[in-house]
Amino acid sequence: MTRSGRGPELSRRTLLRWGAIAGAGVTLGPLLNACAGPTGTPGPGTLTLALNRSLVSLDNKLNQFDAAVTVQRGVRQGLTRVGQDLKPELVLADRFELTAPTEWTVHLRDGVRYSDGSPVTVQDVATALEMYQQVNGSFIAGFFSEFPEVVPGADGTFVLRTQRPVPVLDYLMANILVTPSAANRPEELQDGVGSGPYVVRSGNRGTGNYALAVNENYWGPKPRVPGVQVRFVPEESSRVVSLRSGEVDVIDSITPDSADQLAGLPGVRITRTPSTRINQLFYNFRKPQGHPLADPEVREALTYAIDGRSLVQDVLVGSVSQADGVVPTGLEGAVKTGEYVYDPKQAKQRLDALGVRDLELKIIWESGEFASDTSVMEAVLQMLGQVGVRATLQQFEPGGDILSWRQGKAGDWDVLGNGFSSPTGLAVSILQGMYAGTPEKEQTRDTYQGYVVPAIAAQIADASAEPDAARRARLLSDAQKAVWATWPCLWAFVPNAVLASRDRVGDISLGPTNSYDLASARLEG
């Protein structure tokens with residue numbers, strides 16, 4: 001659901017740089033009404049997290065924002081996980097080995113069980129893979145160039161077999177969370193058991209609030225925190241106040257202004273780390289031929305209207321870097337492909353030469369997609385106006401129907417404010433998820449905003465299947481340069497991962513994927 005009316009005021013820094021946004025071009029809905037912070041301080045054995053986006057499920061087939069991963073992996077697990085060094089680590093499997101170009105031999109760890117005491121089986125893994133393939137609009141499915149077939153063996157051993165080589169399958173399988181076969185479904189599961197260190201004691205997907213307790217049948221080391229409370233607090237000011245007062249222990253995805261307020265306060269710790277995420281203002285690639293945005297020259301011309309350096313310095317206050325590639329250049333296999341240049345005069349000249357006049361753009365996004373999202377969008381609206389482009393803004397509430405809009409089912413739009421992370425730490429994962437769309441995938445709206453360029457999809461597929469690391473790197477480089485030449489984004493940037501926590505919380509190691517191991521956390525005092 002969208003909200004109508006006047007949006008929130010710009011931050012002080014945005015006002016200093018751009019002035020107040022005025023004019024009839026704004027149809028921005030406000031952020032959610034100010035939400036009272038959680039009441040009552042956490043108990044001595046309870047860790048309380050306040051999330052900026054609603055956790056509608058503890059399954060991850062669709063719901064994959066960064067903080068969700070932390071909680072979801074506390075309840076359900078995969079064969080592997082991607083560690084702090086962005087390398088695969090064994091979890092439910094104690095063997096995961098490439099034994100042939102198209103075969104990985106896997107062995108389930110002895111004694112792994114679900115919270116109800118039942119064993120994790122090979123059939124559970126096979127069913128999980130089937131369910132991830134069948135879900136409509138799956139975030140995870142987009143990372144796989146192809147899904148493996150499970151070939152059972154003896155004593156918990158099985159083979160993951162593919163048609164073409166998938167040399168990073170041990171990374172990819174970290175995203176397939178396993179649940180009992182009989183209870184699995186091709187959608188996000190709202191209940192059911194997992195093999196993780198915690199179980200759900202109570203939950204409400206409508207409010208986004210959950211209570212977790214220790215899984216007494218957990219096969220691994222017992223978590224050090226007896227209970228976890230997860231709360232959805234959409235208003236950033238409420239999350240900040242709740243952290244300062246001690247009502248919550250951890251908040252994520254905070255703006256630079258809030259981080260500045262919290263830094264140095266007694267009892268509060270700020271953690272920052274480079275992330276594997278790229279945030280973009282992505283064009284709608286479902287536009288028909290003849291529409292201005294169907295022309296890459298128009299898409300490129302519009303990028304000259306965006307003052308990226310000012311957005312980085314004055315709105316996002318140095319907490320991000322302007323993208324110089326189609327994926328974060330810190331990822332393995334990433335290369336620099338170009339840069340966004342601010343030149344409004346050139347933007348006007350190019351649009352005029354292309355015969356584009358009186359262009360109107362509709363920009364949509366979901367609140368909380370990235371820190372300072374509303375301020376960024378309002379500044380972008382002003383910038384576009386300075387080159388004669390009229391823009392309107394439509395903001396969606398968390399948990400609303402933006403997915404239908406993104407799939408082109410609910411309404412038309414021109415630019416989407418969105419973020420995309422690589423849970424594997426590999427460039428190929430983002431390339432596969434965003435730019436390997438095919439006409440077949442587009443029929444079910446399982447492409448990234450309609451991006452279907454068969455030649456580029458073939459390049460990415462070849463890179464994904466190349467077992468030789470050096471040749472794979474060259475193929476990935478060529479694919480990234482080809483993507484950049486299509487000008488898929490009006491602008492893009494790479495944020496840092498930022499977490500604020502109370503001093504009583506220890507051993508939270510925030511990783512580049514903007515998540516952490518919930519079972520490793522501890523409480524002091």
Side-chain angles (χ1 to χ4, degrees), residues 1-3 7-8 10-11 14 18 21 25-32 52-54 64-66 139 234 236 253-256 275 277-287 293 299 302-303 305-308 310-312 315-316 319-323 326-328 340 360-385 389-408 410-421 430 433-434 448-451 487-495 514:
M1 170 184 302
T2 59
R3 296 273 192 155
L10 297 175
S11 70
T14 309
W18 287 105
I21 301 296
V26 183
T27 59
L28 172 67
L31 292 172
L32 293 175
N52 74 320
R53 299 177 70 181
S54 181
Q64 186 70 13
F65 68 91
D66 298 340
F139 177 80
E236 179 168 291
S253 301
I254 54 177
T255 63
S275 79
R277 183 178 182 86
I278 188 167
N279 294 330
Q280 337 98 346
L281 302 181
F282 202 89
Y283 290 114
N284 185 351
F285 275 79
R286 296 191 175 99
K287 296 297 184 180
L293 292 187
R299 298 195 295 267
L302 288 169
T303 67
I306 307 304
D307 187 351
S310 180
L311 289 172
V312 169
V315 180
L316 296 163
S319 63
V320 308
S321 58
Q322 184 167 249
V326 295
V327 302
Y340 292 99
E360 296 185 11
L361 297 179
K362 183 173 186 175
I363 303 174
I364 69 171
W365 79 101
E366 183 178 78
S367 176
E369 185 63 43
F370 48 81
S372 301
D373 48 15
T374 303
S375 297
V376 168
M377 299 309 185
E378 291 189 320
V380 166
L381 177 146
Q382 180 77 359
M383 295 170 188
L384 290 170
V389 175
R390 178 181 170 87
T392 57
L393 307 179
Q394 185 164 349
Q395 183 178 23
F396 290 78
E397 296 176 5
D401 57 356
I402 194 169
L403 177 60
S404 295
W405 282 74
R406 288 176 51 180
Q407 293 180 321
D412 192 25
W413 53 274
D414 300 295
V415 177
L416 169 71
N418 199 46
F420 203 101
S421 59
I430 292 186
M434 292 178 63
Y448 192 74
Q449 325 317 330
Y451 191 96
W487 292 96
C489 301
L490 176 63
W491 187 61
F493 63 94
V494 178
N514 200 20

Of the non-hydrogen atoms in [X] and [Y], which two are nearest, and what is the gap between them?
X: Leu384; Y: Ala391; value: CD1-CB, 4.0 Å
X: Val312; Y: Val320; value: CG1-O, 3.4 Å
X: Gly368; Y: Asp373; value: N-OD2, 2.7 Å
X: Gln449; Y: Asn418; value: NE2-ND2, 4.3 Å

Are [X] and [Y] packed together at the side-chain level, in the sense that at least one heavy-atom pair is separated by less than 4.5 angstrom?
X: Trp405; Y: Ile364; answer: yes
X: Phe396; Y: Ser367; answer: no
X: Ile363; Y: Trp413; answer: no
X: Leu302; Y: Leu361; answer: yes
X: Tyr451; Y: Met434; answer: no
X: Thr303; Y: Trp487; answer: yes
X: Phe493; Y: Ser321; answer: no
X: Pro495; Y: Asn279; answer: yes

Apply side-chain contact (heavy atoms from CB on, under 4.5 Å) to the pair Arg299 and Leu490, showing each step before the final yes or no.
CA-CA 7 Å; Arg299 298 195 295 267; Leu490 176 63; over 6 Å; no

How long is the straight-line distance from [atom2] of [Y] back to [atom1] of [X], given to the nearest 0.5 Å?
X: Thr392; Y: Arg390; atom1: OG1; atom2: CZ; answer: 7.5 Å
X: Ile278; Y: Cys489; atom1: CD1; atom2: SG; answer: 6.5 Å
X: Asn284; Y: Arg406; atom1: CG; atom2: CZ; answer: 11.5 Å
X: Asn52; Y: Ile254; atom1: CG; atom2: CD1; answer: 10.5 Å
X: Lys362; Y: Asp414; atom1: NZ; atom2: CG; answer: 9.0 Å

Kindly write out the residues that satisfy salt bridge (Lys or Arg N to Asp or Glu O under 4.0 Å) with Arg53, not counting sequence neighbours, or none if the list is empty.
Glu366, Glu369

With a 3.5 Å distance limit and no angle check, can you tell me whether Ser310 reaches the backbone of Asp307 through a side-chain donor-acceptor pair?
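Judged by distance alone, no pair lies under 3.5 Å.
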
Report the C-alpha distance between Leu393 and Leu381 in whole Å, list the side-chain angles of each, state the deciding distance to 0.1 Å, and finish with yes or no for side-chain contact (heavy atoms from CB on, under 4.5 Å).
CA-CA 8 Å; Leu393 307 179; Leu381 177 146; 3.6 Å; yes

Test item: side-chain donor near acceptor, Trp365 and Gln394, under 3.5 Å:
no

Given Thr374 and Gln395, is the side-chain hydrogen bond (donor to acceptor under 3.5 Å, both in side chains) satisfied, shown in steps?
CA-CA 8 Å; Thr374 303; Gln395 183 178 23; 3.2 Å; yes

Flag the pair Asp412 and Arg286 as a salt bridge only when some basic side-chain nitrogen lies within less than 4.0 angstrom of an acidic carboxylate oxygen.
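Answer for the salt bridge query: no.
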
So, for Phe420 and Phe282, is the gap between ring centers shorter than 6.0 Å?
no

Suppose we screen for side chain to side chain contact (heavy atoms under 4.5 Å, CB included). Which residues come up paired with Ala371, at least two apart in sequence or across chains?
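Checked Ala371 against side chain to side chain contact (heavy atoms under 4.5 Å, CB included); matches are Thr255.
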
